[in-house]
Amino acid sequence: MKALEGVRVLDMTHVQSGPSATQLLAWLGADVVKLESTTGDITRQQLRDVPGVDSLYFTMLNCNKRSITLNMKSERGKEIFTELVKTADVLVENFGPGAVDRMGFTWERLQELNPRLVYASIKGFGPGRYRAFKAYEVIAQAMGGSMTTTGFEDGPPLATGAQIGDSGTGIHAVAGILAALYQRQTTNRGQRVQVAMQHAVLNLCRVKLRDQQRLAHGPLREYPNKTFNDEVPRSGNASGGGQPGWAVRCAPGGPNDYIYVIVQPVGWKPISEIIGRPELADDPEWATPEARLPKLDKMFQLIEEWTIRHDKWTVLDRLNAANVPCGPILSTKELIEDESLREEGMVVTVDHPERGEFFTVGSPLQLSDSPVDVRTSPLLGEHNQEIYGELGVSADELAELKTNGVI
């Protein structure tokens, strides 16, 4: 039995933030019914690599779901949606503000139809001044604190490759949905779950707000920056934590031939020995964290003078053998081909009925009694007959609904 077996999720989401959340729920065992317009989630067509076939953008965000189509602008479509709501435990949507209300399904109406419904909404912003603004991944990064603190001191603000605005918000939504389902066991009623992309990014940037407040008491000594004003600066690859870290170059010098090294107090002696400078372990100019902090750039330069002569895998083995925290910079190609990640089920092969095999990310949530079997994403409307049949819609009516553009 899966953790969420018996939970039905009516998935009205599209693009990334919502589908990433509902895919996690599906992996946990929920019956996720993806409700799409008759033209489908727009990402089915975006960034296609195979003509006429659902894009990887769609397939990698919608595994383990069932798909139905419905025209919510038609009266019969609204009637059918009403019946779907009555059968659902969770409704998730990430339309623009007020879109579901304008369809005639306010929170109050949904509560009337199904008092036990958990209604989750993902929006770009909270109910304040930004409420009606459009949000995309990098806009959320820009307004949530990520871009201002990402990049090098003398360069522009940068976006992170990690989708913290979209998928990061999806994970926050999952936490809220699960909490609401748990509380429902006590109260026997559902509730609203609202998550904003800006809020999720801000939550992920909390350590930078920590440092913003620390600035009132002087420079941030663990940062490599030479000067500070009244805002947390961009600090390149600095760890931003209590232990200094940096990405140093390795052989043969390609774009991803780097390894990230953390220098703990206990790690300096073994590092100094590995890099061929054992005398630095006891040198008063280098022996203590306090002595090293003012010259972090020089410290990592000394380490790099050794790492640049070895490939990142050799460096990884040497440093790990000495219990020095480090990690090679892995390219997307290296990640897809990583045998360890495949064995762990984090990179999986899925067979799609039209495109054939493709790789995708497996579930990062691993439960001992609820294993995840990643299945392919559904074709558009693939489960219309199956799900609408459960509502009592006959085969003849289904054919009529399709002819009339309702499904």
Side-chain angles (χ1 to χ4, degrees), residues 8-27 30-74 77 80-81 84 88 90-96 99-100 103 120-124 134-138 163 165-167 169-170 173-174 197 332 336 348-363 374-388 398 401-407:
R8 172 168 286 189
V9 178
L10 191 54
D11 179 7
M12 298 179 72
T13 69
H14 56 286
V15 192
Q16 184 182 167
S17 62
S20 67
T22 52
Q23 180 171 255
L24 278 172
L25 295 174
W27 282 341
D31 174 20
V32 176
V33 177
K34 186 174 179 71
L35 192 158
E36 303 180 68
S37 70
T38 53
T39 55
D41 185 327
I42 191 173
T43 58
R44 286 184 183 269
Q45 304 173 38
Q46 287 184 334
L47 307 178
R48 273 181 169 158
D49 58 318
V50 180
V53 175
D54 289 338
S55 70
L56 289 167
Y57 193 2
F58 178 85
T59 61
M60 293 179 70
L61 285 163
N62 291 282
C63 290
N64 293 57
K65 302 178 185 180
R66 299 195 287 170
S67 169
I68 57 175
T69 53
L70 188 65
N71 180 359
M72 291 288 291
K73 295 180 180 179
S74 67
I80 293 173
F81 180 73
L84 288 168
V90 180
L91 170 64
V92 190
E93 57 90 10
N94 64 335
F95 294 115
V100 179
M103 294 175 190
S121 296
I122 297 173
K123 300 290 178 266
K134 289 184 176 180
Y136 283 79
E137 167 67 44
V138 183
Q163 304 289 283
D166 277 320
S167 288
T169 304
V174 168
M197 294 169 66
T332 48
I336 278 184
V348 297
T349 304
V350 179
D351 190 28
H352 187 275
E354 294 182 344
R355 72 161 43 248
E357 287 189 347
F358 68 95
F359 291 109
T360 191
V361 178
S363 174
V374 179
R375 303 189 307 275
T376 190
S377 59
L379 300 177
L380 180 61
E382 180 179 344
H383 302 93
N384 278 349
Q385 183 172 351
E386 185 177 303
I387 292 172
Y388 289 138
L398 276 176
L401 293 173
K402 185 173 180 61
T403 299
N404 294 336
V406 177
I407 63 172

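This is a predicted model, so every value here is computed, not measured.
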Closest approach of L380 to S37 (non-hydrogen atoms, all atoms of both residues):
CD1-O, 4.1 Å
Would you please name every residue forming a ring-ring contact (aromatic ring centres under 6.0 Å, His included) with F81, sequence neighbours left out?
F105
Here the pair of heavy atoms bringing C63 nearest to W27 is CB-NE1, 4.1 Å
State which residues pass ring-ring contact (aromatic ring centres under 6.0 Å, His included) with Y57; sequence neighbours excluded, sorted by chain then number.
none
Residue set satisfying side-chain contact (heavy atoms from CB on, under 4.5 Å) with Y136, at least two apart, ordered chain then number -> I139
Step by step, work out the salt bridge (Lys or Arg N to Asp or Glu O under 4.0 Å) result for D54 and R355.
CA-CA 8 Å; D54 289 338; R355 72 161 43 248; over 6 Å; no
Spatial distance of atom CE (M72) from atom CD1 (I80) [nearest 0.5 Å]
10.5 Å
Roughly how far, to the nearest 0.5 Å, is CZ of R48 from OG of S55?
7.0 Å
Around atom CD of Q163, are there more than 12 heavy atoms of other residues, nucleotides or ligands at under 6.0 Å?
yes
Residues forming a side-chain contact (heavy atoms from CB on, under 4.5 Å) with H14, sequence neighbours excluded:
D41, N94, F95
CZ-CG distance between R375 and N62, expressed to the nearest 0.5 angstrom:
13.0 Å
Rounded to the nearest 0.5 Å, the CD1 atom of I122 sits from the CD atom of Q16 at a distance of 10.5 Å
What is the minimum heavy-atom distance between D166 and S20, and which atoms define it?
O-OG, 4.1 Å
Counting N and O atoms only, with roles assigned by atom type, does the side chain of R66 sit under 3.5 Å from a partner on the main chain of D31, one being a donor and the other an acceptor?
no
Return the CZ to CD distance between F58 and E36, rounded to the nearest 0.5 Å.
4.5 Å
The reported gap from CD in E93 to CG in L35 (rounded to nearest 0.5 angstrom) is 12.0 Å
Using the side-chain contact (heavy atoms from CB on, under 4.5 Å) criterion, which residues pair with N384? Sequence neighbours excluded.
I68, T69, Y388, I407
What pair of heavy atoms forms the shortest contact from V361 to M60, and how long is it?
N-CE, 4.3 Å
Can you tell if the side chain of L56 reaches within under 4.5 Å of the side chain of F359, non-hydrogen atoms only?
no
Are the side chain of S67 and the backbone N or O of G381 linked by a donor-acceptor pair below 3.5 Å?
yes
Quick one: list whatever passes ring-ring contact (aromatic ring centres under 6.0 Å, His included) with H383, sequence neighbours left out.
none
How far apart are the closest heavy atoms of L61 and K65, and which atoms are they?
O-NZ, 3.3 Å
For V374 and G362, which heavy atoms make the closest approach, and how far apart are they?
CG2-CA, 4.3 Å
